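Given the structure is predicted, the values throughout are model-derived calculations rather than measurements.
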There are 2 protein chains.
Amino acid sequence: MSNSLRHMEGTIVDNQSEKISHRLEKIFTPAPLQVPGCPVRDVLDRIGDKWSILSVLHLGHSGKLRFNELLHRIDGISQRMLTVTLRGLERDGFVSRRIYAEVPPRVEYELTALGVSLLDQVLGLAVWAQDNMGDIITSRAAHANAAGFQNLP
Amino acid sequence: MSNSLRHMEGTIVDNQSEKISHRLEKIFTPAPLQVPGCPVRDVLDRIGDKWSILSVLHLGHSGKLRFNELLHRIDGISQRMLTVTLRGLERDGFVSRRIYAEVPPRVEYELTALGVSLLDQVLGLAVWAQDNMGDIITSRAAHANAAGFQNLP
DNA sequence: CTGGATCCTAAGAGATACTG
DNA sequence: CAGTATCTCTTAGGATCCAG
């Protein structure tokens, strides 16, 4: 069984390497990320803002959430930016918005199926960030030292 | 074999769903993406700029590249922003920079192992973007129409 | 409670010119 | 060739006030 596992891991790793070049080809075909109408650049610009990914992560973690709940959960976000971000996510179909005709008003936000599929990708990046932060910090420190030496008299 | 495949797919899907909540827990532990020192936010802010991910994709696709080669491949980037972006990627350990003492000078950039592992995650997002752009466009159009109706007299 | 409307600024990004 | 140095300019984002 450990042999079979080792074999499977090898296969997975190979598939992974294969997948990288294969997926690169897919992304670079037919136009290599040219600006007019490139989906990759469009989506990346869209979710590359300061709060979209964070909002998706929080909605994924907590499920259905009200405006004020999100406001308090997302550390540092302002009222205005939460509104702007949610409108954008709703517009692109990642988040659904349900208004209840009550007083005081209640509005609940939730990830759509499309939003969950985005969450799945974003989680890959988030976990990667957490796992590799150590290396990044190390590299930054080394580079800061190198820069420091250059500034010495 | 098709039975076994179907079984495997079921397992993969279940693992995937499992993985989402599991990875969410990992990300939200111990602090739920709080701003001081959160790796996820740090990395996301870092690669969330306009050119970093694009540069990583191009370097992954073409392998070793010179400054001017990158400049011409990355559609729309300016000389200055390419320099700034490459310095950032190098500083964080995603890209290596090798200078050849020749005339005219030659400098080659290449993804490090850490850069390749980032590329792997970014590719997930990129392919997802390409695959789901249709749905996003549809949602945007629908939302534009809805807004249009609200503006009618 | 949920946000819309305004005003304001700090950072990101483009253009251009110059250098080892 | 591979940058650096300025100089603007645009815009994302924050603060505040107001309204349904």
Side-chain angles (χ1 to χ4, degrees), chain A residues 33 35-36 41-55 58-59 62 64-92 95-110 143 146-147 150-151, chain B residues 33 35 41-42 44-55 58-59 62 64-92 95-110 143 146-147 150-151:
Chain A
L33 307 176
V35 56
R41 294 183 67 153
D42 185 303
V43 172
L44 254 36
D45 286 354
R46 178 59 197 73
I47 67 173
D49 63 5
K50 196 171 179 181
W51 302 110
S52 288
I53 290 184
L54 235 40
S55 301
H58 274 277
L59 281 171
S62 302
K64 206 171 295 185
L65 283 177
R66 302 181 58 167
F67 186 86
N68 262 349
E69 293 176 325
L70 275 166
L71 192 59
H72 293 122
R73 276 179 166 76
I74 305 176
D75 189 29
I77 198 171
S78 66
Q79 211 170 40
R80 184 180 109 85
M81 286 318 295
L82 180 57
T83 301
V84 171
T85 302
L86 287 173
R87 290 295 172 275
L89 293 174
E90 185 193 4
R91 179 184 130 95
D92 284 355
V95 164
S96 69
R97 178 165 177 264
R98 167 161 292 187
I99 310 118
Y100 295 87
E102 305 175 352
V103 355
R106 177 163 58 110
V107 181
E108 289 182 339
Y109 296 90
E110 191 176 15
H143 210 270
Q150 299 219 353
N151 288 338
Chain B
L33 308 175
V35 57
R41 295 185 66 152
D42 185 303
L44 256 35
D45 286 352
R46 178 59 196 71
I47 67 173
D49 63 6
K50 196 170 179 180
W51 302 111
S52 288
I53 289 184
L54 234 39
S55 302
H58 274 277
L59 282 170
S62 302
K64 208 172 294 186
L65 283 177
R66 302 179 58 165
F67 186 87
N68 265 348
E69 293 176 324
L70 275 166
L71 192 59
H72 293 122
R73 276 178 165 78
I74 305 176
D75 188 29
I77 198 172
S78 66
Q79 209 170 41
R80 185 180 107 85
M81 286 318 295
L82 180 56
T83 302
V84 171
T85 302
L86 287 173
R87 292 292 174 277
L89 293 174
E90 186 194 2
R91 180 184 129 95
D92 284 357
V95 164
S96 68
R97 178 164 177 266
R98 168 161 292 187
I99 308 117
Y100 295 87
E102 304 174 356
V103 355
R106 178 162 57 110
V107 181
E108 288 181 339
Y109 295 90
E110 191 177 15
H143 210 269
Q150 298 219 358
N151 289 339

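Under the salt bridge (charged side-chain N to carboxylate O under 4.0 Å, His left out) criterion, B/Arg106 pairs with B/Glu102, B/Glu108, not counting sequence neighbours. By the salt bridge (charged side-chain N to carboxylate O under 4.0 Å, His left out) test, A/Arg46 pairs with A/Asp49, A/Asp92, sequence neighbours left out. By the side-chain contact (heavy atoms from CB on, under 4.5 Å) test, B/Ile53 is found to be paired with A/Leu44, B/Ile47, B/Leu57, B/Val122, residues two or more places apart in sequence or in another chain being considered. Legend: residues meeting side-chain hydrogen bond (donor to acceptor under 3.5 Å, both in side chains) with B/Arg73, ordered by chain and number and at least two apart, are B/Ser62. Every residue two or more places apart in sequence or in another chain that forms a side-chain contact (heavy atoms from CB on, under 4.5 Å) with A/Arg80 is listed here: A/Ser78, A/Val84. Partners of A/Ser55 under the side-chain hydrogen bond (donor to acceptor under 3.5 Å, both in side chains) rule, at least two apart in sequence or in another chain, do not exist in this structure. Under the salt bridge (charged side-chain N to carboxylate O under 4.0 Å, His left out) criterion, A/Asp75 pairs with no residue, sequence neighbours left out.
One finds the CZ atom of B/Arg41 at 4.5 Å from the CH2 atom of A/Trp51 (value rounded to the nearest 0.5 Å). The line from CG of B/Leu54 to CD1 of B/Ile74 is 6.0 Å long, rounded to the nearest 0.5 Å. The distance from the CG atom of A/Leu82 to the CG atom of A/Leu71 is 5.5 Å, given to the nearest 0.5 Å.
B/Glu90 contributes no side-chain N or O that, together with a main-chain N or O of B/Arg87, makes up a donor-acceptor pair within less than 3.5 Å. Under a 3.5 Å cut-off, the side chain of B/Thr83 and the backbone N or O of B/Gln79 do form a donor-acceptor pair.
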Contact list (N/O, under 3.5 angstrom) for nucleotides 11-14 of chain D vs protein:
residue, atom, partner, partner atom, Å
D/dG13, OP1, A/Lys50, N, 3.0
D/dG13, N7, A/Arg80, NH2, 2.5
D/dG14, OP1, A/Lys50, NZ, 3.2
D/dG14, OP2, A/Trp51, NE1, 3.4
D/dG14, N7, A/Arg80, NE, 3.3
D/dG14, O6, A/Arg80, NE, 2.9

Would you list the protein and nucleotides 1-3 of chain D atom pairs, both N or O, that sit under 3.5 Å from each other?
residue, atom, partner, partner atom, Å
D/dC1, O3', B/Arg66, NH2, 3.0
D/dC1, O3', B/Pro105, O, 3.2
D/dA2, OP1, B/Arg66, NE, 2.9
D/dA2, OP1, B/Arg66, NH2, 3.1
D/dA2, OP1, B/Val107, N, 3.4
D/dA2, OP2, B/Asn68, N, 3.1
D/dG3, OP1, B/Arg87, NH2, 3.1
D/dG3, OP1, B/Arg97, NH2, 2.6
D/dG3, OP2, B/Tyr109, OH, 2.5
D/dG3, N7, B/Gln79, OE1, 3.3
D/dG3, N7, B/Gln79, NE2, 3.1
D/dG3, O6, B/Gln79, OE1, 3.3

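Between chain A and DNA chain C, the heavy-atom contact criterion of under 4.0 Å yields a 5' to 3' nucleotide range of C/dC1 to C/dT6.
Direction of the helix axis in the helix from C/dC1-D/dG20 to C/dG20-D/dC1 shifts by 50° between the two five-pair termini, rounded to 10°.
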